[in-house]
**Student:** 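Below is one structure. I have some questions about it.
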Protein chains: 2
Amino acid sequence: MPSGPGAKLTDVAALARVSVGTVSNVLNRPDQVSFDKRTRVLAAIEELGFVRNESARSLRSGSTRSLGMLVLDVRNPFFTDVALGAENVAEDHKHSLILANSAEDAGREQAYLDLFEQQRVQGVLITPFGQVLQRLERMRDRGIPSVLVDRLASTDQFCSVSVDDVAGGATALDHLVSVGSVRPAFVGGPFTLQQVEDRYRGAADAAARAGVPLQLFETPDLKFERGRRIGDLMSNLQSDKRPDAVFAANDQLALGLLQSFAANGLRVPEDVAIVGFDDIDFASQSSIPLTSISQPRQLIGERAAQLLFDEIDDEPGHVHSQVVFTPELVARQSTLRR
Amino acid sequence: MPSGPGAKLTDVAALARVSVGTVSNVLNRPDQVSFDKRTRVLAAIEELGFVRNESARSLRSGSTRSLGMLVLDVRNPFFTDVALGAENVAEDHKHSLILANSAEDAGREQAYLDLFEQQRVQGVLITPFGQVLQRLERMRDRGIPSVLVDRLASTDQFCSVSVDDVAGGATALDHLVSVGSVRPAFVGGPFTLQQVEDRYRGAADAAARAGVPLQLFETPDLKFERGRRIGDLMSNLQSDKRPDAVFAANDQLALGLLQSFAANGLRVPEDVAIVGFDDIDFASQSSIPLTSISQPRQLIGERAAQLLFDEIDDEPGHVHSQVVFTPELVARQSTLRR
DNA sequence: AAACCGTCTTGAATCGATTCATTCAAGAAC
DNA sequence: GTTCTTGAATGAATCGATTCAAGACGGTTT
């Protein structure tokens, strides 16, 4: 019968009639302890229901076993997929991942970075929202490195893992033109998000090359509901003014548009074709499956975590690297009439 | 210019020419410190870039400022919404929420509970997967209480926040019958998940009352891909054997079914009507919007966190309570022909 | 001037696991 | 029989913030 709360290392040592050092060794370097003492200690641990106090452990040893991850929006499946990839790598390194949500709010972002510093996490994976690069540099100088996720590092001060959003934007627009669009539009915002900016720029360049105009619908966020509203707005335009194809800055927006068009009696893709970005699972699961620009979501998380562990383990000799994946078009029904 | 890594409390005290106790007071009870010392201390903190060491803090004070939350599947938007609600309440209490993902794996579930114990979290929010109730009781006896989320506590040993899944199941089936189904089916599993079991039972009872048979398609999980496969399987049935309506145990399954039916040329709802469960955002955003049984997702998370804080704060006099929300039908196009 | 009071401030003791220099035992080498 | 070597075990010192009993200070009252 395990007993009450709060057995500590010394209690275990007393019960097993060994020193505290030996108990600690059983916990951390079990092969350096003789068989019979080891078994005695393990039995004592079991009997007392001893659970090691992580605070004491990391205070003394000076290092925690955790990473912090700060994403723009936990409700966006893109980010939970990235987080999943990162979590798997963290687990391999026997670290845990603390997942936090800045919710596109600069204040929350700062608050969570405070928290990560206080907790002395070993490193941070972050999709930045506000102006945090300076702060991240400072943290790195104090021993908490970070890796930028889904965002190319504009300096050589950080590792980053991202996709080539400009190329992705161009791919999307080329595709729309190739299925016959002559009045394409871009929907997305805010343009302070680098991802949005880049996707737009890629699309705008491609449109210029193709000799078609690109209409712009700027939005304050990238949520479903926003897509719905923009969709309603477009649906009310005269058909010769209405875009015949839309490139949305992410899939949530795109799905909102899709639903709005369906509700307003517009046919997709005949009246309006749609391309999204991210290729979240729900894109293909939608009953008019959505054409999207696919990012290797889990892989992004995995690589980011690997780079972070490189920097953590290897502090002095570490060279920052920028991993850039090329996103791929996945053409589905929302742009392809059958 | 903030200096190097690792300024500690004593450094701050030295620079501000006060004692460590005073610095600690500035941090924790600022109103008990005179104005000029307080400003001196704050200036020193600023100058040194001091960040308090949470490990040391919680070792000495004996308490952390964090909750653990363990969900079945972070990739399911239902759970991220619940987590969001919980996180907001945690934030109000100046606690942070450590979000972890058991991924419907009993081993991971145990591992994360180990972690939470070692970290001495103040409490745990959990959607149990394996047999963990005994363990949770033991943890509570040692001072780490937990609240069951999306799962009715079968004992009076815990607080819980859930919805009435039996009623929800009945509502779903009644609705299908009311729109004309005579050959409804239930899709879901594993039945070791209480939620699945209850939703099925409610539906089965309702079917019996209505005098229709209820076909059962049992699944090993509740993911999209599974729904797609079951959908393909159903689509290949002869039309007089094929269910004319499906109640899926959650929305991800339902959306998989929806997509499969569309791909196989079955019309929804004319050939097959579909009801899901959870009413995640993507349910309504699907281009044939999905009828679903709605749960107050964020509210579930909020109430669960509130109950947990009640128990944390109020340890001796705490009475466990079961909050049960009644889920609501949200009828959309997947069951209503226009 | 002594006694008293409330408000600030002080600093040594403390939380619990880890570390590491030191001790010990037993076998190997000479 | 003595000295070395090796592997295991020991336990006091340590990590950094918090706590709290005790002290300092300034002002009031008697």
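Both backbone and side-chain heavy atoms feed into the values below; hydrogens, waters and symmetry mates do not. In the text below, chain A, chain B and the rest are named by the order of the sequence lines, each starting its count at 1.
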**Student:** Take the C1' atoms of the five end pairs on each side of the helix from C:dA1-D:dT30 to C:dC30-D:dG1, derive the two axes, and give their angle rounded to 10 degrees.
**Tutor:** 50°
**Student:** I need the CG-C1' distance between B:D31 and C:dT9, as an integer number of Å.
**Tutor:** 15 Å
**Student:** Please list, chain by chain and in numerical order, all residues satisfying ring-ring contact (aromatic ring centres under 6.0 Å, His included) with A:F129, sequence neighbours excluded.
**Tutor:** none
**Student:** Going by the rule side-chain hydrogen bond (donor to acceptor under 3.5 Å, both in side chains), which residues pair with A:D92 if we only count those two or more places apart in sequence or in a different chain?
**Tutor:** none
**Student:** Counting only side-chain nitrogens and oxygens, does A:S19 get under 4.0 Å of the OP1 or OP2 atom of D:dG11?
**Tutor:** no
**Student:** Given atom CG of B:D36 and atom C1' of C:dT9, what is their separation to the nearest angstrom?
**Tutor:** 12 Å
**Student:** Which residues pass the side-chain contact (heavy atoms from CB on, under 4.5 Å) test with B:S154, sequence neighbours left out?
**Tutor:** B:L133
**Student:** Can you list the residues that meet the side-chain contact (heavy atoms from CB on, under 4.5 Å) rule with B:P30, with sequence neighbours excluded?
**Tutor:** B:R38
**Student:** What string of B, S and - do you get for nucleotides 15-23 of chain D 5' to 3' if you count protein non-hydrogen atoms under 4.0 Å?
**Tutor:** BBBBB----
**Student:** Provide, to the nearest angstrom, the distance between the NZ atom belonging to A:K37 and the P atom belonging to D:dG7.
**Tutor:** 17 Å
**Student:** Name all residues meeting the side-chain hydrogen bond (donor to acceptor under 3.5 Å, both in side chains) criterion together with B:T22; count only those two or more places apart in sequence or in a different chain, and write none if there are none.
**Tutor:** B:S19
**Student:** Check side-chain contact (heavy atoms from CB on, under 4.5 Å) between B:A56 and all other residues, then give those that pass, not counting sequence neighbours.
**Tutor:** A:L59, B:N53
**Student:** Decide if atom CZ of A:R303 counts as having more than 12 heavy atoms of other residues, nucleotides or ligands within a radius under 6.0 Å.
**Tutor:** no
**Student:** For B:L152, check side-chain contact (heavy atoms from CB on, under 4.5 Å) against everything at least two apart and list the hits.
**Tutor:** B:S160, B:S162, B:Q322, B:V324
